[in-house]
Amino acid sequence: MLSLFGSGIGRGIAIGKAYVLKSSEIDAPQLTLKQEQIPSEVKRFKKAVVATELQYKTMLRQLPADAPKESAAFISAHMMMLKDPLLVEESINIIRNDYVNAEHALRIQSGNLIKVFEQMQDAYLRNKKTDVQHITNRLLRNLMGIVSHSLDEFNQEDLSGKIIVSKDLSPAETMFIKDRKVVSFVTDLGSQISHTAIIARSLRLPAVVGLHGSSKYIADDDMLVVDGKRGIIIVNPSSKVLRQYKKIQRRIREREKELVTLTSRKSKTLNNLPIQLMANIESAKELKDVKRVNAAGIGLYRTEYLFMNRKQAPTEQDQFKAYRKIVGGIDRAVMVRTLDIGGDKQLDFQYPQKRSSESPLGLRAVRLCLHHVELFKPQLRAILRASAYGKVGIMIPMVSNFDEISQVLAIIKQTKRELKQSGIAYDSRIKVGGMIEVPAAAIMAELFAKKLDFLSIGTNDLIQYTLAIDRVDDAVNYLYDPIHPAVLNLIHNIIRAGDKAGIPVSLCGEMAGNVEYTRLLLGLGLKNFSMDATYLLDVKEKVLAADTSKFQYYVKQIMNADSPHQARERLAKLNQL
Ligand code: PEP
Ligand code: MG
């Protein structure tokens, strides 16, 4: 039995067998060989090529009848590429000419090919670079005898009940495992506030991230206990420990049942302030959870997940169908956030200005949409068309200056005009709001509030940008502090600006679903919360027991704290009231 510690996600416990994924970067050795070693090295390489080909053949044979049609085509394409002399023969030439080991020769040659593909004009050919990476990794694993799995479109294994162990997991991969009945995941990298973590919470997957060296200590099929609340992994637990964790699992389920009794209660504080508790979603599949907890609406629908795990962008019609399903599936308002890609949310297919860099300061969200109206317009048309079927708001992510808002409003106006001319129905009074997640926008919230119908505070990013902490980098995760006075002052400023302009302000970052902050946010004047549905009833319980008239003194104290430690001490006092 072994215990490992990282950052926990979710509050549940998962118990299951480990499914160790390949590391995306395989640590291949680089060796210089003697002349007499060359023939056996070439032979070793050829053997790995044959083994790889065999694996592809087995995959083709084992493809289930209902597998997507594309799967067989991908496997065949990779088999063809494996026969390409440019990959195999050229790597052998490098072994022979440079006296290097097969792994290194393959790395050099695949790097050459990737460079060539990257320079192609045609987007389809540019995408071939990913195929080269896939084949290279598979070949390397065979050369090095690494037995592990990969989460790609070829994976047809039964993953139900498994716990994924990986160096890292992208938001797109996390969405992929959602449908495969995986019960948890464990990663070496990552933080509690990354989009991967957000998806995990919405999928109700307890997980532990930032667990350096997990794949060193965990082997395939090891029995694992993942404690999402405490950030602990137990590898091969004793039967006594396993019994204890099963007991905790039962207690969590009982607590969930208790909370269900709050579902029909009106959401208001003890001093009678009505508080709206809304839900964040990524897809229509979450609607049943949203309804189960009786959320006041959808405060944030992250549309970018509709664009993930696919080979090309969804068309206007694809998007319209998806949005209508959500809008028609709930009789409450849905705030549809326009495409927020870039940073840690990358797409598989080529899109304008796709960057190799994943900097959160790059051409992300509304910036990208304004540069590429051909990507933005179909989405706006689809949202507007869906607005004919229910109450919809358009929410613009990451606005940082006033001109961006003016430009977006002008494009929406033009889109409405076009729809009207074509006789297509939409809600002409649709509300347009902005996400305040950049400090510049938070400081200038009064100005923004004059132009917009509502504001939504994206604290996940607002904290990242205010404190200069990359939200996915676990090395600086310890500095990620939602109650840093600078952050609290900005939140307060945004709420005041909304109140002054008479428009609603909601908060839809992860902070909204953390009961530790419910009193603090109420004390800052927040009346609209939007969070993962899983946490809504916990927050409701806190709201029902809160008398905000007693919070002012403590909230001011926290906002004026000198250090994170002092702020935490003062927050504890507020929560103990
Ligand atoms: C946020 O930044 O707080 C937010 C809700 O948006 P996302 O987490 O998708 O960036
Ligand atoms: Mg954000």
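Start at 1 and go down the list; that is how both ligands and their atoms are numbered.
Partner of Glu446 under the salt bridge (Lys or Arg N to Asp or Glu O under 4.0 Å) criterion, out of Lys500, Lys451, Arg496: Lys500 alone.
Counted by atom type alone, Ser530 and Ser506 present zero donor-acceptor pairs between their side chains at under 3.5 Å. For the residue pair Asp403 / Ser406, no side-chain donor-acceptor distance below 3.5 Å is found, with atom types taken as modelled. For the 3.5 Å distance criterion, the side chains of Arg201 and Gln192 fail to qualify, holding no donor opposite an acceptor. Using modelled atom types and a 3.5 Å distance limit, the side chains of Ser267 and Gln276 yield no donor-acceptor pair.
Looking at Arg568 and Asp481, their side chains come closer than 4.5 Å, going by heavy atoms from C-beta outward.
The local environment of CZ in Arg292 is crowded, with over 12 non-hydrogen atoms from other residues, nucleotides or ligands closer than 6.0 Å. Atom NZ of Lys542 is surrounded by 12 or fewer heavy atoms from other residues, nucleotides or ligands within 6.0 Å.
Around the Mg ion (ligand 2), the protein N, O or S atoms closer than 2.8 Å are Glu437 OE1, Asp461 OD2, listed by chain and residue number.
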Pairs under 3.5 Å, nitrogen or oxygen of ligand 1 with protein nitrogen or oxygen:
{"residue": "ligand 1", "atom": "2 (O)", "partner": "Glu437", "partner atom": "OE1", "Å": "2.9"}
{"residue": "ligand 1", "atom": "2 (O)", "partner": "Asp461", "partner atom": "N", "Å": "3.0"}
{"residue": "ligand 1", "atom": "2 (O)", "partner": "Asp461", "partner atom": "OD2", "Å": "3.0"}
{"residue": "ligand 1", "atom": "3 (O)", "partner": "Gly458", "partner atom": "O", "Å": "3.4"}
{"residue": "ligand 1", "atom": "3 (O)", "partner": "Thr459", "partner atom": "N", "Å": "3.1"}
{"residue": "ligand 1", "atom": "3 (O)", "partner": "Asn460", "partner atom": "N", "Å": "2.8"}
{"residue": "ligand 1", "atom": "3 (O)", "partner": "Asn460", "partner atom": "ND2", "Å": "3.4"}
{"residue": "ligand 1", "atom": "6 (O)", "partner": "Arg337", "partner atom": "NH1", "Å": "3.0"}
{"residue": "ligand 1", "atom": "8 (O)", "partner": "His195", "partner atom": "NE2", "Å": "3.3"}
{"residue": "ligand 1", "atom": "8 (O)", "partner": "Arg302", "partner atom": "NH2", "Å": "2.9"}
{"residue": "ligand 1", "atom": "8 (O)", "partner": "Asn460", "partner atom": "ND2", "Å": "2.9"}
{"residue": "ligand 1", "atom": "8 (O)", "partner": "Arg471", "partner atom": "NH2", "Å": "2.8"}
{"residue": "ligand 1", "atom": "9 (O)", "partner": "His195", "partner atom": "NE2", "Å": "3.0"}
{"residue": "ligand 1", "atom": "9 (O)", "partner": "Arg302", "partner atom": "NE", "Å": "2.7"}
{"residue": "ligand 1", "atom": "9 (O)", "partner": "Arg302", "partner atom": "NH2", "Å": "3.3"}
{"residue": "ligand 1", "atom": "9 (O)", "partner": "Arg337", "partner atom": "NH1", "Å": "3.1"}
{"residue": "ligand 1", "atom": "9 (O)", "partner": "Arg337", "partner atom": "NH2", "Å": "2.8"}
{"residue": "ligand 1", "atom": "9 (O)", "partner": "Lys345", "partner atom": "NZ", "Å": "3.4"}
{"residue": "ligand 1", "atom": "10 (O)", "partner": "His195", "partner atom": "NE2", "Å": "3.0"}
{"residue": "ligand 1", "atom": "10 (O)", "partner": "Asp461", "partner atom": "OD2", "Å": "2.9"}
{"residue": "ligand 1", "atom": "10 (O)", "partner": "Arg471", "partner atom": "NH1", "Å": "3.0"}

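The closest donor-acceptor contact from the side chain of Asp461 to the backbone of Gln464 lies at 3.5 Å or more, if one exists at all.
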